[in-house]
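Input: a single structure, listed below in structure tokens.
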Amino acid sequence: MKQRILCAGFGGQGALLIGKLVVTAGMIEGKHVTWLPSYGPEMRGGTANVMAVISDKPVGSPIFTRIDTLVALNQPSLDKFLPQVVEGGMVLFNSDLCDKGASKNGICIVGIPLNKFGEQVGDIKASNMVALGALIELTGCVENKTVQDDLKHMLEKKNPTLLARNLEALEIGRKFVVESAQ
Amino acid sequence: MKQRILCAGFGGQGALLIGKLVVTAGMIEGKHVTWLPSYGPEMRGGTANVMAVISDKPVGSPIFTRIDTLVALNQPSLDKFLPQVVEGGMVLFNSDLCDKGASKNGICIVGIPLNKFGEQVGDIKASNMVALGALIELTGCVENKTVQDDLKHMLEKKNPTLLARNLEALEIGRKFVVESAQ
Amino acid sequence: MVTLTVDEHYCKGCGLCIVACPKEILQFARHLNEQGYHPVTCLDQEACTGCTLCYVTCPDGAITIVKDK
Amino acid sequence: MVTLTVDEHYCKGCGLCIVACPKEILQFARHLNEQGYHPVTCLDQEACTGCTLCYVTCPDGAITIVKDK
Amino acid sequence: MGEKILMKGNEAVAEAAIRAGCRHYFAYPITPQNELIEYMAKRMPQVGGTCLQAESEVAAINMVLGAAACGVRAMTSSSSPGISLKQEGISYIAACRLPAVIINVQRGGPGLGNIAPMQCDYFQATRGGGHGDYYTPVLAPSSVQEFADMAPEAFDLAEKYLTPVLIFADGLLGQMMEPVTFEDDYGPQSDKSGWSLGCRKGRKNNHIINSLFIDPYVLKEKTEELFKVYDTIVKNEIRYEYYNVDANPKILVVAFGTVARVVKTAIDELKDQGLEVGLVRPITLWPFPYKAVKEAAKKVEKVITVELNMGQMEQDVRLAVGDTCPTQVIGKAGGVVFTPMEVISMLKENLA
Amino acid sequence: MGEKILMKGNEAVAEAAIRAGCRHYFAYPITPQNELIEYMAKRMPQVGGTCLQAESEVAAINMVLGAAACGVRAMTSSSSPGISLKQEGISYIAACRLPAVIINVQRGGPGLGNIAPMQCDYFQATRGGGHGDYYTPVLAPSSVQEFADMAPEAFDLAEKYLTPVLIFADGLLGQMMEPVTFEDDYGPQSDKSGWSLGCRKGRKNNHIINSLFIDPYVLKEKTEELFKVYDTIVKNEIRYEYYNVDANPKILVVAFGTVARVVKTAIDELKDQGLEVGLVRPITLWPFPYKAVKEAAKKVEKVITVELNMGQMEQDVRLAVGDTCPTQVIGKAGGVVFTPMEVISMLKENLA
Amino acid sequence: MKILAKRPKGLTDARLTYCPGCLHGVAHRIIGEAMEELDIVEKTIGIAPVGCSVFAYNFFACDMIQVPHGRAPAVATGMRRAQPDCVVFTYQGDGDLAAIGTAETVHAANRNENISIFFINNAIYGMTGGQMAPTTLPNMRATTAPYGRDVADMGYPMRVCEMLATLETPYYIERVSLLSPKDILKAKKAVKKALKYNKEKKGFCLVEMVSTCPTNWGLDPLASIDWAKKNMLPVFPVGVFKDEAKRQEASK
Amino acid sequence: MKILAKRPKGLTDARLTYCPGCLHGVAHRIIGEAMEELDIVEKTIGIAPVGCSVFAYNFFACDMIQVPHGRAPAVATGMRRAQPDCVVFTYQGDGDLAAIGTAETVHAANRNENISIFFINNAIYGMTGGQMAPTTLPNMRATTAPYGRDVADMGYPMRVCEMLATLETPYYIERVSLLSPKDILKAKKAVKKALKYNKEKKGFCLVEMVSTCPTNWGLDPLASIDWAKKNMLPVFPVGVFKDEAKRQEASK
Ligand SMILES: Cc1ncc(C[n+]2csc(CCOP(=O)(O)OP(=O)(O)O)c2C)c(N)n1
Ligand SMILES: Cc1ncc(C[n+]2csc(CCOP(=O)(O)OP(=O)(O)O)c2C)c(N)n1
Ligand code: SF4
Ligand code: SF4
Ligand code: SF4
Ligand code: SF4
Ligand code: SF4
Ligand code: SF4
Ligand SMILES: [Mg+2]
Ligand SMILES: [Mg+2]
């Protein structure tokens, strides 16, 4: 098993964190993982993306040009990376910010209103957690519970409100995928 | 013909100038020449020496460890370089500053009271000119006249007094050698 | 009459001009420009005195002010 | 009585001490030391007041001044 | 051995250095090594150590010189242009026989270049970019764990041989997160009281550290001493990894660091396709594993050097291989990291 | 061609640079190159030029960068530690594609070393001691006349290829006096108005000089362009001298600069004794005359590199010779210049 | 029709790459205006540093060069001697000028090089992500001063104008602020004066501009300006530290 | 028997390598005396620069190191943080400190590093044979200013104490002279004060000593001192530029 996940969005949308939480869960589950951000000289917004790999075997290159699963938080990211998604791959995109949508043969594409859901749990910043929930459900690359436990471990004491919101967002994402699959 | 001349003394005694004037004359006479000072990090007196080569053929190494002619303006220089003088070589030393003198088989050694002669022409600084006159006479590596003309060329306008003194010193050195050879 | 234009190509929606305007006639537009910012627009061109304070504060050279004689 | 010694090993014959001495009792020696300098000597130990001015000016730490009680 | 933590290479090597007893770190910010200085800025005060942001890279390397001369484990880090500025200082540290660790998280060059991962400072690293006859051991990690492990290793080497040691990473290794574990204790530091400054306590003679030897014969002697040490390093400290070299490959690849990872993926995929390619991964770039490359080269038809530059290590590979078999270099400038696919297709061309 | 003048190498190269149209010289004092800056300080005001003593070598190389960007012939000089400090700047000049001349009057290293003549910055000079993928042409004189001639030559090369050019001398060449003659006029400078800054006069678009290429693909392209230029330099500009290579020697020596002179004397004396030794003297160290060495090596039993360091050029010689015949290096550290006698006896050992 | 205000000819058409509300843009604009008004765009060479303004070579309409971190004053020295009839300016951040470039700044000032230095003081390393600068305020946080700048260990904010003003030779040194329209108009005057002095070959001019870095300060543009007014100006008071023209006039 | 004056324990027995009458020797001796009197020879680390005093590692009896040209303050910074209980001093010439070492000097001062800098100002590069220093006087000749220092082109002599005194943090800055026995005694007091402050971990101290270079000035020792009195002291007036201890006392 090897999952090459690329998460991309505007700076501040939390694409990097999605990647980090998913590989952390992978690590906790004993898998081999790498996480590689694109890093720019500019501190000033722009786009940010991260390449995350979760694998049963040691990860050779942390860089890949063929994507198993793409999480696109905005239209430019979707446009840029969709061509790299492999056949049989999956795409999750923020339908609130991608008016044009996307289509490609042989690929499972899911649009999800991340901004709306984010606002729904009380903070648009939580929309990346929605995406994370969806990503996990969609790929099954790590257990939902691992991510939940990890979040609890990190936030239980420090910020229980945030924890609750994140767990809720996670669940919304998961449910959305489950339901849209039906 | 190849003459490897080493001139050495305390800083300020003018050893380097002896070498420079003799190779300049060599150059004027169409010979191949090199002039290489020992250079130290210290601006502070100490000893100074120069390796001068005058040759019919292009000069390979400007550095040599076998000396044809040594001009030693003080005892340490004499002590240091005498062993390097080749058989059939010549040594000219300042008998005013070399109490111990020198001796070595197969070598022509001439002691000459440079300080005294220098004072005699009115400036102890001119004693290197005395040595130069002696050196030329001793080795015949360049013509006396070439050196005289060169000095005239340099000093005639700028400093006729100095020129006169230098020419006088040169002549004293030459004569000394001629006479001591007799 | 004074005409004030904000070039959306340049505007980054920093809002500095809004605060600088003594007439309080500048406001963010609803839409996003191609950089992803809400550009500024002038709500009331007639009220604009042409004092240029908005231009002076704008870090992105987005503002042009012209006076018709 | 004050005894002043100039260590010839160190002295470079710069002459600064000679000028510094208010008693004018320091002078160059005739001979050269192993560095090739004329070292300084004291012409008149008895006249030395032990004021240490010579020591203070000496750049080469060549001077020692001792007082016998 | 502690638990696994997900960390950036820049942070992991900093943490490992601290656990190896480094309490004196001096550096100047530069991308893509900033997480290193920032991590140090946070952690050093917690362990009573010094993290000082110097006024420049030149100052930083000289602060390291000063601290190292006092017998403490001292370290600096930078990226390519900053490392260029440190060359005079590194030459002095080598000449003074002081142990110190220098990390280069390479970026694109020459000039300001860019901040993409590259290996284009190979020559500078392996052939003493500073003046004079000297070398520095160069350790080239290819994973975050290895990057971290090299901190204690570099300090040990530095102290064993009294030499600056370079850890030679790149932006990718610095920025990438991987799980990493640390030892709680990396073993003791060597006793430096025999030569270090300032801890005199009862010692009679004063210690002097110096690299000026005006007399050419003395400098000659000192340099020969230094090169005896280098001989020992060459004898004892060469490190490399063989990968699939036993599988009777037709082609041998030589690659290090980030690139070696990519090549490994390519080799695995080719193996699945029934094609065998071997890899020698130099872990020490100086001393270079000439013999290991030579031995492996004897059994193959061709040796290909793959590196993220226009061809630098390939000189060492050619020096190793000689006329044993043909060699080739696949280099790439600008920081466009090879993809496994790319390497696979290039290797296939050669296997055809 | 003017009359013969007896001059130090440091002075002769300065005079030649001025006659070649150099009017902008920036440097910082250091032995054994001080006569160069001092000569410039005297002469530049006489010809309406600038000789500026910079606050440091780092500043000096950046002043050169600025002047060169304005299209004038700009030069700096230093000695080993100072050249180390210039590495960042040289890398920038190479990346910005600016013509400039840098003189290294080498001394002993590493560290402060000493001021004796050495060749121990060979690696730094030939393999871009700064960061990134770049080279600089390196001219190595072996007499005062050649040292002087290389100033106009270096400027011409620099302008032809838009690259910094290094003149690689040593303390002996700098300090030695030999007769030297100068051309009155070294030919015209190239037209730089197409890219230089500040002489805009009517030009519409502004000129930009830059070495930052954030996009890896752009930096890749720029670097490949640079290396195309290097390919041309390698094709057109390799210079070397054969000495006694036609005499069917058993042994071939490779040596450059000061050392080559000594070797020539040794070869002459051996010839008198009926023993034949050949010499290849690389005049450009980069690009290195690999083919010339290889060709000459084919006819001999052994190739011996003689250099004033612990063995640096010998790598290039081995790269050239491959397994054609055995190679050996005779190096010497500290600045103890080989004597002809010494070389003769070493060669005799090998001839026995 | 009369143009009251318009992007100046001293700037190119390129969109600036600075963060929203970053005052680097204001500094650029007033320099661009001054060049236009003095009609020197065609005879000016600008030097971009390493820092957020590294891309300034794309923004100014004059000839431009990008140079090593901190070395702009040395590069400018080489330029103004190669092209004495040009106006040469450097544009430098506080890290570039007051840390790694200290020696080059001090000595260019001391040689009274006929150049203008525009020094943007935002008390932080913007480009590299918020590390401490020589001008970072006491107790202010930066990524390399995560517990706040400890003056005892890391020094007090460096006041470059005050320091350089002790030198005998520099011609004109002023600190201005970019924190209000009024301040900006004053800053513009200072910038123009500097370039004018350079055009007249008077010598070394330095204009320090108290600026902001909303991104690395973690504040929105407006808040960053308020913060700067409250915290930066007391440590970096605006004022003329040296103006030889004024002095010479007064002494007449 | 009472010893009134004797080569101090802070110096080794080695003969100094300076030229006859060079005041580097005086500076050495008073530092040696101060170390002896403060009983810190065993806990002091001295840093030799590149310059005529490069060999200082052979002359001081404390632990010594020789470091790259101009970088002594950075090396000292590393040392004092590695050995906080030691006294660390640098010994630097005007080229070393005020040219190539400008940035290191300014920033060590600004960080208030607990080190002493002894700065020997002889207005020339001694070691390398008489090139111009940042402190070379107007119109004074040097091998790189063969027509005399042209202030318009090469700048005015840099006054380091005056410049550093504008910084907030440094603890103690004084300029003294070595040009007469009286001056030397005062200089000795300053040196001792600096080392004492360091012993007490007060912070950055710098003592500039107006000195001579008979060899490169082309004057005999006595004449060089007279020349310095006449020409150097007016440009480099002696005095205390900063003394936090005094200030704190006064403000009590
Ligand atoms: C030699 C060198 N060292 C370090 C860097 C990394 N670097 C780039 S910009 C910068 C500091 C930028 O800060 P500042 O000068 O204040 O400009 P700002 O971005 O705040 O405008 C640094 C350290 C570099 N490019 N080169
Ligand atoms: C990097 C470097 N640049 C230059 C030199 C050459 N150098 C040695 S000493 C010196 C200047 C000495 O002058 P100063 O500091 O005034 O000391 P002084 O000899 O006058 O006491 C220079 C330029 C060097 N050794 N290293
Ligand atoms: S010109 Fe003045 S009144 Fe008009 S919008 Fe701008 S700030 Fe407001
Ligand atoms: S100041 Fe300029 S960039 Fe900012 S909102 Fe106003 S017009 Fe837009
Ligand atoms: S101690 Fe005083 S009186 Fe005695 S010799 Fe010295 S200076 Fe003269
Ligand atoms: S001052 Fe010292 S060195 Fe000079 S002459 Fe007197 S004793 Fe000798
Ligand atoms: S990081 Fe700071 S200084 Fe740089 S552009 Fe953004 S706000 Fe401006
Ligand atoms: S050269 Fe000058 S400073 Fe150096 S030792 Fe001699 S007199 Fe003193
Ligand atoms: Mg800044
Ligand atoms: Mg000096």
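Here is how names work: the chains are called A, B, and so on, in the same order as the sequence lines, proteins then strands, and each is numbered from 1. Treat the numbers as computed from the prediction; the structure is a model and nothing was measured.
- Checked by atom type and distance alone, the side chain of G/R149 pairs as donor or acceptor with a backbone atom of G/M154 at under 3.5 Å.
- With sequence neighbours left out, the ring-ring contact (aromatic ring centres under 6.0 Å, His included) criterion links G/F119 to no other residue.
- Judged by distance alone, the side chain of G/R175 and the main-chain N or O of G/P237 form a donor-acceptor pair under 3.5 Å.
- At distances below 3.5 Å, not a single donor-acceptor pair connects side-chain atoms of E/Y186 with backbone N or O atoms of E/F182.
- Put simply, the side chain of G/T136 gets close to the backbone of G/A123: a donor and an acceptor are under 3.5 Å apart.
- For residues 91-106 of chain G, heavy-atom neighbours of chain E at less than 4.5 Å comprise G/G95, G/A99, G/I100, sorted by residue number.
- Interatomic distance, G/N112 CG to G/C205 SG, rounded to the nearest 0.5 Å: 8.0 Å.
- Only the side chain of E/Y28 comes within less than 4.5 Å of a heavy atom of chain G; its backbone N, CA, C and O stay farther away.
- Of the N and O atoms on the side chains of E/D121 and E/S80, at least one donor lies less than 3.5 Å from an acceptor on the other residue.
- Heavy-atom distances place no part of G/V67 under 4.5 Å from chain E, backbone and side chain included.
- Across G/V50, G/D153, G/T144, G/V54, the residue that shares the most heavy-atom pairs under 4.5 angstrom with chain E is G/T144.
- Residues from residues 55-75 of chain E that place a non-hydrogen atom less than 4.5 Å from a non-hydrogen atom of chain G comprise E/E55, E/S56, E/E57, given in numerical order.
- Without hydrogens or angle criteria, E/T31 side chain to G/T128 main chain gives no donor-acceptor distance under 3.5 Å.
- Your options are G/H69, G/Q66, G/Q131, and the one with the most heavy-atom pairs under 4.5 Å with chain E is G/Q131.
- In this structure, the separation between CD1 on G/I30 and CE on G/M35 is 11.5 Å, given to the nearest 0.5 Å.
- Heavy atoms of E/Q33 lying under 4.5 Å from chain G are absent altogether.
- In this structure, the side chain of G/N216 does not engage the main chain of G/A142 through any donor-acceptor pair within 3.5 Å.
- Under the 4.0 Å criterion applied to side-chain N and carboxylate O atoms, E/E15 and E/R43 are assigned as salt-bridge partners.
- Here salt bridge (charged side-chain N to carboxylate O under 4.0 Å, His left out) pairs that include residues 163-174 of chain G, with residues two or more places apart or in two chains, are G/E168-H/R159.
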